[in-house]
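To start, the structure itself, in structure tokens.
Reckoned from all heavy atoms, side chains included, excluding hydrogens, waters and symmetry mates. Within every chain, numbering begins at 1; the chains are lettered A, B, ... in the order of the sequence lines, protein sequences first and strands thereafter.
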Amino acid sequence: MNYLEFEKPLAEIEGKAEELRAMARANSEMDIEKEASALDKKAQQLLADLYKDLSAWRKCQVARHPDRPHCGDYIEALFSEYTPLAGDRNFADDQAVMGGLARLNDRPVMVIGHEKGSDTQSRIERNFGMARPEGYRKAIRLMDLADRFNVPVVTLIDTPGAYPGKGAEERGQSEAIARSTEKCLRLGVPLVSVVIGEGGSGGAVAFATANRVAMLEHSIYSVISPEGCASILWKDAEKMREAAEALRLTAQDLHRLNVIDRIIAEPLGGAQRDGQTTMKSVGHCIDDVLNQLSGMSREEIIQDRREKFLAIGDSGLAA
Amino acid sequence: MLFHRELTENLGVCSNCDHHMPLSARDRLLSLFDNGVFTEVEVSQPNADPLSFRDQKRYPERLKTAQRSTGEKEAMIVAEGEIGRTPIVAACQDFSFMGGSMGMYVGNAIIAAATRAVERKRPLILFSAAGGARMQEGILSLMQMPRTTVAVEMVREAGLPYIVVLTHPTTGGVTASYAMLGDVHIAEPNALICFAGPRVIEQTIREKLPEGFQRAEYLLDHGMLDRVTHRRDLKEELVKITRMLLNMPPPVKGDLPAPTPETENTGVGEPTDAKPTAATET
């Protein structure tokens, strides 16, 4: 278990309980169960307190937690017959973006998502979930394929943002992002997006211009990272707490702003504490939304998406 | 030495080195439309501070400061009129207004421009200039990427040309949405055009970037633009392209007759002398 900075007191209590149990295992005459379960109870209470009212910055930390289930985990847990499809037919296959045909409860879908990787090597391979132009162009190709064969599209969003690299710029990442957003808007099939961790800026929008957008309870979605915003507006990257607060990047704020449609509850202590339950909830949500959208014609689907985005901003937080 | 008057007559281009200086949105529209005559298209006013955003300053204060220093309401002006006797709708972003940043207002402006273009069956010409999305509007500024893309789709579906003129600088979410979705992309010389800026890239990859990286000519070489055009030739080129795309006869060269005066509805005059007098059409 990787503990976040604000979970340190929790780490202590859980550590103590674990220690006691280890001692008891070594010495069968010790009776520690009462003490250990008291600690468990205390830990549970503390966990509930910590997560009851997470600040925006803490949400960012939870959203980026390395133990949260990532795109690949969701695909494995929720979908069957997953058949990865690779490449943009132009330059490369971007490992930061996963995608392919799969079935969700027997229904064929095209699933596309950012994958951050889970250890040093895979994180480097996956470029920490930061797509290059090839990634968006692969997604465009897969969305187009889905569209032509009437297969709904599911996107799983988890990216710090687009990759600020020389090659990515040379190969036109602005254009790639713009075209991917445009492709989302043109799909005559339902497009459902779930922000499962970080929804970073243009890299996220390029996949999340969807009929319905859901966010996990402790995920974030923002125009810029709090660190980036702090360094520009506060001229001090250390002001990320203030920036996170000001940006209103939590699922709760975004729901109030009518930017997203649903919040998917996470288990107590966040998705990182119980990936299976989290993924199951996400699966239910996707299935439910796809059922809702299934009766609509191609024109209605396109119109629905356009109207959704045109209407965004009509209500502020104060309203 | 460069005289102010000379610079003004030269559309803000240095007559010695051809450096293209920034032009305010209003000056650009005045120099673009025939005889500086255009009508502003009304843009619906969004919630001014949807997030109650505060950094070192409150967002409404920043807005007021920008309004005072520019004399403009926001970072984009939408106008209709004729260029080379060709009716068009133009949207022009103003870098001097909070870095031209794209928030709800700019999004609404582009939607208004597209709607008017479709209603009147006119081509849309958009001049981009922005540091990117307006952080003070948080997620709502990011949502302008899909919103403006819907606007571009409307113009395309109506079978009308959408031409983007990318001016210095066009970066961030603006480049990654409506600025890169044109039927034709024209940039001004040496304009910085990118998603991630050079400083951010240098910090990330820790190496020096090549000379001219992310400048208009560099993008032309990499296939992202159709043309890099000197400001002096821009109008003529826009007229030529739109008329050909619309299957209209070639433009008539030479002096055009003076327009019928509609003094109440027009901003007429020398580019920089003119006060923002163009009234708003409802």
Greater than 12 external heavy atoms within 6.0 Å of [X]'s [atom1]:
| X | atom1 | value |
| --- | --- | --- |
| Glu119(B) | CD | yes |
| Arg148(A) | CZ | yes |
| Glu300(A) | CD | yes |
| Lys239(A) | NZ | no |
| Arg298(A) | CZ | yes |

Check against side chain to side chain contact (heavy atoms under 4.5 Å, CB included), Glu182(A) and Leu181(B)
CA-CA 9 Å; Glu182(A) 179 189 63; Leu181(B) 293 173; 3.8 Å; yes

Scanning both residues in full, the closest heavy-atom pair of Gly202(A) with Leu142(B) reads N-CD1, 3.9 Å

All heavy atoms of Met104(B) vs all of Ile312(A), minimum pair found to be CE-O, 3.6 Å

Quick one, [X] and [Y] - any side-chain contact, counting heavy atoms below 4.5 Å?
| X | Y | result |
| --- | --- | --- |
| Pro146(B) | Val205(A) | yes |
| Thr175(B) | Gln173(A) | no |
| Leu51(B) | Leu257(A) | yes |
| Val150(B) | Leu185(A) | yes |
| Met145(B) | Ile177(A) | yes |

Looking at [options], which one has more heavy-atom pairs under 4.5 Å with chain A than the rest?
| options | answer |
| --- | --- |
| Arg156(B), Glu202(B), His185(B) | Arg156(B) |
| Gly132(B), Gly172(B), Cys194(B) | Cys194(B) |
| Asp55(B), Leu219(B), Thr149(B), Thr171(B) | Asp55(B) |
| Met135(B), Met224(B), Arg134(B) | Met135(B) |
| Phe53(B), Tyr178(B), Tyr59(B) | Phe53(B) |
| Glu137(B), Gln214(B), Arg147(B) | Arg147(B) |

Nearest 0.5 Å, please: how far is [atom2] in [Y] from [atom1] in [X]?
| X | Y | atom1 | atom2 | answer |
| --- | --- | --- | --- | --- |
| Ile139(B) | Ile224(A) | CD1 | CD1 | 12.5 Å |
| Glu245(A) | Arg54(B) | CD | CZ | 14.0 Å |
| Asn258(A) | Met143(B) | CG | CE | 12.0 Å |
| Arg179(A) | Met180(B) | CZ | CE | 9.5 Å |

Region of [X] that comes under 4.5 Å of a non-hydrogen atom in chain B:
| X | result |
| --- | --- |
| Leu249(A) | neither |
| Leu233(A) | both |
| Arg171(A) | backbone |
| Ser201(A) | both |

Under 4.0 Å between a side-chain nitrogen and a carboxylate oxygen: does that hold for Arg306(A) and Glu157(B)?
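Yes, this pair counts.
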
Quick test of your reading: applying ring-ring contact (aromatic ring centres under 6.0 Å, His included), list the pairs with at least one residue in residues 203-238 of chain A, sequence neighbours left out, ordered by first then second residue.
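Of all non-adjacent pairs touching residues 203-238 of chain A, those that pass ring-ring contact (aromatic ring centres under 6.0 Å, His included) are Tyr51(A)-His218(A), His114(A)-Phe207(A), Tyr136(A)-Phe207(A).
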
Contact listing (chain B partner; residues 160-170 of chain A; heavy atom under 4.5 Å):
Ala162(A), Tyr163(A), Pro164(A), Gly165(A), Lys166(A), Glu169(A), Glu170(A)

Under 4.5 Å from a heavy atom of chain A, the part of Ile201(B) involved:
both

